[in-house]
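Computed from heavy atoms alone, side chains included, the values below leave out hydrogens, waters and symmetry copies. The first residue of the sequence shown is numbered 1, and numbering continues consecutively from there. These figures come from a predicted structure and were not determined experimentally.
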Amino acid sequence: MDISEAITTYLEHYPSIDEGALRSRFGPEVSAEPVHKMLDEAMRAVPDISRGTLIEIGSEVRAVMHARHPELSDSARRKLGNFVTYQIR
């Protein structure tokens with residue numbers, strides 16, 4: 001499973017999440033655990049959310065996740081940034 005594709009598939013219609021989309025895309029035995037781990041990591045990427053706007057926080061999440069996981073696509077990093085900013089707003 002390509003993690004970038006899994007992230008974008010999982011978060012395609014966020015805040016609505018349909019794990020069935022992962023199974024449809026990657027097969028019935030696929031686990032969402034790798035995506036959940038990335039979401040957890042993204043949530044911890046910006047320790048002080050009080051020091052910036054949502055746009056700045058989203059940009060910081062994308063930058064941190066790019067530094068930690070250069071294999072992630074731009075789309076996946078953007079989805080992670082949007083996920084975090086939605087969670088903290």
**Prompt:** side chain to side chain contact (heavy atoms under 4.5 Å, CB included) between S59 and E56: does it pass, once the steps are laid out?
**Reply:** CA-CA 5 Å; S59 294; E56 293 166 336; 5.6 Å; no
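Here E60 pairs with R51 in a salt bridge; the nearest charged N to carboxylate O distance falls below 4.0 Å. Ion pairing of K37 with E33 is present here, as a side-chain N (NZ or NE/NH1/NH2) and a carboxylate O approach within less than 4.0 Å.
Atom CG of L80 is separated from atom CG of L11 by 6.5 Å, given to the nearest 0.5 angstrom. Atom NZ of K79 and atom CG of D74 lie 13.5 Å apart (nearest 0.5 Å). To the nearest 0.5 Å, atom CZ of residue R62 and atom CG of residue N82 are 6.5 Å apart. For the atom pair CD1 of I57 and CD of Q87, the computed distance is 13.0 Å after rounding to the nearest 0.5 Å. For the atom pair T9 OG1 and R23 CZ, the distance stands at 13.0 Å (nearest 0.5 Å). Expressed to the nearest 0.5 Å, how far CD of E71 lies from NE2 of H66 amounts to 10.0 Å.
Heavy atoms only, all atoms of each residue included: P34 and S31 are closest at CD-O, 3.4 Å. Nearest heavy atoms, A6 versus L22: O-CD2, 3.6 Å.
Connection of I17 to V35 is established within a shared hydrophobic cluster, with ILVMFWY side chains joined at heavy-atom distances below 4.5 Å, either directly or through further cluster members. I88 and V64 are assigned to two separate hydrophobic clusters, defined by single-linkage of ILVMFWY side chains at heavy-atom distances under 4.5 Å. Taken together through direct or relayed side-chain contacts under 4.5 Å among Ile, Leu, Val, Met, Phe, Trp and Tyr, M1 and M38 form part of one hydrophobic cluster.
Counting heavy atoms from C-beta on, the side chains of I7 and F83 never come closer than 4.5 Å.
A donor-acceptor contact shorter than 3.5 Å links the side chain of R77 to the backbone of L72.
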